[in-house]
Amino acid sequence: EATASTSVSANPEKERHETTIQKVVSSEAYIKHPLQNNQCVINLISLVLWKMVMEWALWFFKNDKSKTWQANLRLISKFDTVEDFWALYNHIQLSSNLMSGCDYSLFKDGIEPMWEDERNRRGGRWLITLSKQQRKSDLDRFWLETLLCLVGEAFDDYSDDVCGAVINVRAKGDKIAIWTTDYENKEAITHIGRVYKERLGVPPKVIIGYQSHADTATKSGSTTKNKFVA
Ligand code: MGP
């Protein structure tokens with residue numbers, strides 16, 4: 001692998017991106033993996049140049065069975081600048097170091113990371129389910145890429161439909177999802193799904209699904225039916 005972003009290291013993400021830039025500058029890596037490396041650099045440049053238009057809130061969930069689900073959910077902090085995003089990101093634990101049962105959620109300010117919020121009630125999520133092995137290889141970089149998609153407004157005119165994103169660290173297999181506001185907005189959902197899959201570098205033959213929260217909340221078995229696929 002020529003990209004630095006595919007290996008999990010203890011270094012802060014910022015250093016990893018700086019390493020990526022150095023590798024891009026070395027022409028061999030540039031020729032071998034132009035798209036992947038360019039995408040990293042484009043992400044970085046757009047984050048540095050863009051003023052964040054939205055205020056975001058990062059939440060943490062810790063599974064304490066003596067409390068209700070909602071009581072286990074805590075706001076960590078809010079930010080509305082690129083600098084504060086990186087300061088927060090570099091300050092907190094990587095997802096792969098969290099205990100099983102924990103979640104991070106990044107949501108637009110004013111939207112609570114739960115099905116019950118007015119902006120989520122009729123919404124759903126693009127769900128990325130990871131194998132146990134992918135915790136080591138993919139989890140942290142997928143989550144960072146998800147965060148960059150959100151704060152960088154990667155979904156063009158459809159970014160308005162995005163409510164937030166959630167990462168569930170689970171022994172049975174981790175999950176990452178982007179939540180959108182309206183499970184009937186086919187145009188927005190399909191655009192977001194297509195861009196998201198591409199940004200994560202999920203191979204075309206791997207299918208990802210979009211499910212409504214209503215279905216997820218009332219499911220009886222272990223799987224929820226897909227409303228859309230990408
Ligand atoms: P989970 O944490 O989203 O997934 O939901 P997990 O742990 O992988 O479990 P699975 O059922 O998907 O296999 C676990 C449980 O947390 C749900 O069954 C709900 O009881 C509760 N829960 C999760 N969410 C996202 C919400 C929510 O938005 N509102 C409320 N009230 N409960 C929720």
Side-chain angles (χ1 to χ4, degrees), residues 56-78 92-147 149-150 160-185 188-189 192-193 196-197 200 202 206-230:
W56 295 90
L58 185 71
W59 301 72
F60 181 66
F61 178 93
K62 189 166 186 291
N63 192 8
D64 175 346
K65 293 207 171 75
S66 70
K67 293 188 192 153
T68 63
W69 185 85
Q70 294 198 357
N72 282 327
L73 192 61
R74 288 291 157 84
L75 177 68
I76 301 179
S77 75
K78 298 182 180 185
I92 60 174
Q93 278 293 334
L94 285 172
S95 305
S96 59
N97 291 336
L98 296 179
M99 284 190 336
S100 283
C102 292
D103 306 333
Y104 282 128
S105 302
L106 184 78
F107 273 72
K108 289 176 177 170
D109 183 35
I111 308 179
E112 291 191 306
M114 54 181 77
W115 306 321
E116 291 85 353
D117 189 281
E118 180 56 28
R119 295 279 303 274
N120 294 322
R121 227 154 46 79
R122 289 169 298 276
R125 61 174 178 174
W126 276 112
L127 180 62
I128 310 291
T129 55
L130 303 181
S131 67
K132 290 179 186 174
Q133 296 86 318
Q134 282 180 289
R135 181 174 297 177
K136 201 162 177 275
S137 58
D138 296 331
L139 186 72
D140 294 320
R141 62 188 190 90
F142 276 12
W143 179 237
L144 178 58
E145 193 59 35
T146 304
L147 297 176
C149 283
L150 262 55
D160 282 353
D161 260 60
V162 171
C163 294
V166 181
I167 182 165
N168 306 119
V169 180
R170 298 291 183 271
K172 67 189 175 191
D174 306 317
K175 291 178 279 185
I176 297 178
I178 290 187
W179 288 28
T180 75
T181 196
D182 180 2
Y183 68 73
E184 292 185 332
N185 193 350
I189 292 167
I192 291 165
Y196 186 37
K197 186 173 167 177
L200 291 183
V202 174
V206 176
I207 301 301
I208 62 170
Y210 181 96
Q211 299 126 26
S212 76
H213 300 314
D215 286 347
T216 303
T218 57
K219 71 171 178 197
S220 46
S222 60
T223 48
T224 308
K225 71 170 189 291
N226 290 328
K227 288 209 179 292
F228 303 97
V229 291

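Start at 1 and go down the list; that is how both ligands and their atoms are numbered.
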**Q** Less than 4.5 Å apart, any side-chain heavy atom of Met99 and any of Asn63?
**A** no

**Q** Return yes when at least one protein heavy atom is under 4.0 Å from atom 10 (P) of ligand 1, and no when none is.
**A** yes

**Q** Quick test: of every protein heavy atom, which one is nearest to atom 13 (O) of ligand 1, and how far off is it to 0.1 Å?
**A** Lys172 NZ, 2.5 Å

**Q** Taking both backbone and side-chain atoms of Arg125, is any N or O found less than 3.5 Å from an N or O belonging to ligand 1?
**A** no

**Q** Can an N or O of Glu116 be found at a distance shorter than 3.5 Å from an N or O of ligand 1?
**A** yes

**Q** Side chains of Lys225 and Gln211: does their closest heavy-atom pair fall under 4.5 Å?
**A** no

**Q** Who's the nearest protein heavy-atom neighbour of atom 16 (O) of ligand 1, and how far?
**A** Trp69 CD1, 3.2 Å

**Q** State, without any angle test, whether Ser96 and Asp140 hold a side-chain donor-acceptor pair at a distance under 3.5 Å.
**A** yes

**Q** Examine Phe61 together with Trp69 and report whether their ring centres are nearer than 6.0 Å.
**A** yes

**Q** Would you call Asp161 and Arg119 a salt bridge, using N to O less than 4.0 angstrom?
**A** no

**Q** Looking only at atom types and distance, does a side-chain atom of Trp126 sit under 3.5 Å from a main-chain N or O of Ile189, one as donor and one as acceptor?
**A** yes

**Q** Right, does atom 21 (C) of ligand 1 have protein non-hydrogen atoms nearer than 4.0 Å?
**A** yes

**Q** I'd like to check which ligand 1 atoms, numbered from 1 as shown, lie under 4.0 Å from a non-hydrogen atom of Lys219.
**A** 10 (P), 11 (O), 12 (O)

**Q** Report yes or no: do Asn97 and Gln93 form a side-chain donor-acceptor pair below 3.5 Å?
**A** yes

**Q** To which protein heavy atom is atom 19 (C) of ligand 1 closest, and what is the distance rounded to 0.1 Å?
**A** Trp115 CH2, 3.8 Å

**Q** Return a yes/no value for Asp103: is any of its N or O atoms, backbone included, closer than 3.5 angstrom to an N or O of ligand 1?
**A** no

**Q** Considering only heavy atoms, which of Asn63, Thr216, Asn168, Val169 lies nearest to atom 3 (O) of ligand 1?
**A** Asn168

**Q** At under 4.0 Å between heavy atoms, is it the side chain or the backbone of Arg170 that contacts ligand 1, or both, or neither?
**A** side chain

**Q** Decide side-chain contact (heavy atoms from CB on, under 4.5 Å) for Leu200 and Thr146; before the verdict, give the C-alpha distance in whole Å, the side-chain angles of both, and the deciding distance to 0.1 Å.
**A** CA-CA 8 Å; Leu200 291 183; Thr146 304; 4.1 Å; yes

**Q** In the protein, what heavy atom is nearest to atom 8 (O) of ligand 1, and what distance, to one decimal place, separates them?
**A** Lys175 NZ, 2.6 Å

